[in-house]
Number of protein chains: 2
Amino acid sequence: MQLTRQSEYAIRTMLELAALPYGELLSSKVISQRQDIPEDFLKKTVHLLSLGGLVSTQRGTQGGVRLAKAAEQITLAHIVAAIEGPIAINPCLAPGYFCPNQVTCPVSPILARAQAALLAELNKQTLADLVKQA
Amino acid sequence: MQLTRQSEYAIRTMLELAALPYGELLSSKVISQRQDIPEDFLKKTVHLLSLGGLVSTQRGTQGGVRLAKAAEQITLAHIVAAIEGPIAINPCLAPGYFCPNQVTCPVSPILARAQAALLAELNKQTLADLVKQA
DNA sequence: GTTAAAGTTGATATTTTTTATCCACATTAA
DNA sequence: TTAATGTGGATAAAAAATATCAACTTTAAC
């Protein structure tokens, strides 16, 4: 029932990027050093963020990573989803799951609401808000 | 970011027990058969529920497991906590954790609120409510 | 008392997931 | 041309979750 460490890496990375002037690049290497994250692992993490449309990358000398959209439009929920996929606190809430148990399972609606409440909180503040606070 | 399968086993077990007349025993063996849960694993799961004060057990012939308190006083949050320990969606929210990162981490308050929202939903309905619905 | 049913406990194995590492490759600015 | 950088795949290592096994204790039933 926990965020993975990789999600945490991703959050810290996004905070680094959001603290920069918009559009500015920062290399994975530098981020890994500043945030004490294994470089190769971070590279993959950044790649996931990229696939999720949260950052864009630039190869080559002086390349790096930057936000792909304004920090005002990014929330923790987006970041976690980019890393871990759609948040599902139980397999039975995942898209396309067929429950092998009783037809009328009283639990999944509750889990669904709990999950929704969790997501709502993770969406309440933007990355921009977070950077302001830090 | 998921409940463990063991938590799910525990929930299904508690639903079985709550469907019985209050105080009635059901053996782990029968529960494991009805719910298709490995028996030895379920025994340990039941033991955790017992340590958590949610069920009481009775050894010997005709022994078994029963609710230790009224189903009206038990929620999903209690069950999950009995199995997984205090719910903490990130290590930094666990009791006694010291964060090695920046002093003013803007993330943990959000995670804390998200976690609280999750817990609130898991506490909204009692086991008794669930049994009624099923 | 004896016995069989049931929970207790600890060791260990298996499987899955997560985290980390390594390296060959593609791209690109300098 | 070259060095810095992201890409991608393979693999390893570590951790966590799940499952199995087996000896033990308790206790109701006979």
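Computed from a prediction, not measured in an experiment: that's the story for all the values here. Convention: sequence-line order gives letters A, B, ...; per-chain numbering from 1.
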Anything under 3.5 Å between a donor and an acceptor, one on a side chain of residues 55-65 of chain B, the other on a protein residue two or more places apart or in another chain? List them.
none

Pick the closest DNA chain D nucleotide for B/Ser7 and for A/Leu51 by heavy atoms, then say which residue is nearer the 5' end. A/Leu51
Is there a donor and acceptor pair closer than 3.5 Å between the side chain of A/Lys43 and the base of D/dG8? no
Contact class for B/Ser50 vs. all strands (heavy atom < 4.0 Å): base, sugar-phosphate, or nothing? nothing
Run the side-chain donor-acceptor check on residues 79-88 of chain A: report pairs under 3.5 Å with partners two or more places apart or on a different chain.
unit_1	atom_1	unit_2	atom_2	d
A/Glu84	OE2	A/Thr4	N	3.2
A/Glu84	OE2	A/Thr4	OG1	3.4
A/Glu84	OE2	A/Ser7	OG	2.4

Readout for nucleotides 25-30 of chain D: B = base within 4.0 Å of protein heavy atom, S = sugar-phosphate only, - = neither; 5' to 3' it is BBBBS-
Could you tell me whether the side chain of B/Arg12 reaches within less than 4.5 Å of the side chain of B/Ile37, counting heavy atoms only? yes
Check every strand shown and say whether B/Val65 touches a base, only sugar-phosphate, or nothing at a heavy-atom separation below 4.0 Å. sugar-phosphate
For the pair made of CG in A/Asp36 and C1' in C/dT19, what is the distance, rounded to whole Å? 14 Å
Does the side chain of A/Leu76 reach to within under 4.5 Å of the side chain of B/Val107, using non-hydrogen atoms? yes
Between A/Thr45 and A/Gln6, is there a side-chain donor-acceptor contact under 3.5 Å, judged purely by atom types and distance? yes
Does a side-chain N or O from A/Thr57 land closer than 4.0 Å to OP1 or OP2 of D/dT7, or not? yes
Would you say A/Ser50's side chain and A/Val46's backbone share a donor-acceptor pair under 3.5 angstrom? no
Using side-chain heavy atoms (C-beta onward) and a distance below 4.5 Å, is A/Pro38 in contact with A/Tyr9? yes
Rounded distance (Å) that lies between atom P of C/dT17 and atom CD of A/Gln2: 17 Å
A/Arg12 CZ - C/dT19 P separation (whole Å): 12 Å
Of the options D/dC21, C/dT21, C/dG7, whose atoms approach the side-chain atoms of A/Asp40 most closely? C/dT21
Figure out the CD/P separation between A/Glu8 and C/dA20, and round it to whole Å. 10 Å
With a cut-off of 6.0 Å (strictly less than), are more than 12 heavy atoms of other residues, nucleotides or ligands near NZ of A/Lys69? yes
Whole-Å distance separating the CZ atom of A/Phe41 from the C1' atom of D/dA13: 13 Å
Quick check on DNA chain C: between B/Lys44 and B/Glu39, whose nearest nucleotide comes earlier from the 5' end? B/Glu39
Given D/dC21, C/dT19, D/dT18, which nucleotide is nearest the side-chain atoms of A/Thr4? C/dT19
Is there a side-chain polar atom (N or O) of B/Tyr9 under 4.0 Å from OP1 or OP2 of D/dA19? yes
Taking CG from A/Leu42 and P from D/dG8, how many angstroms apart are they, rounded to a whole number? 16 Å
Which of D/dG6, C/dA20, D/dC21 is nearest the side chain of A/Pro38? It is C/dA20
Distance check needed: C/dA6 P versus B/Ile31 CD1, whole Å only. 11 Å
When you check the phosphate oxygens OP1 and OP2 of D/dG8, does a side-chain N or O of A/His47 lie under 4.0 Å from one of them? yes
Examine D/dA19: is either OP1 or OP2 under 4.0 Å from a nitrogen or oxygen in the side chain of B/Arg5? Give yes or no. yes
May I have the distance from A/Glu24 (atom CD) to D/dT5 (atom P), rounded to whole angstrom? 14 Å
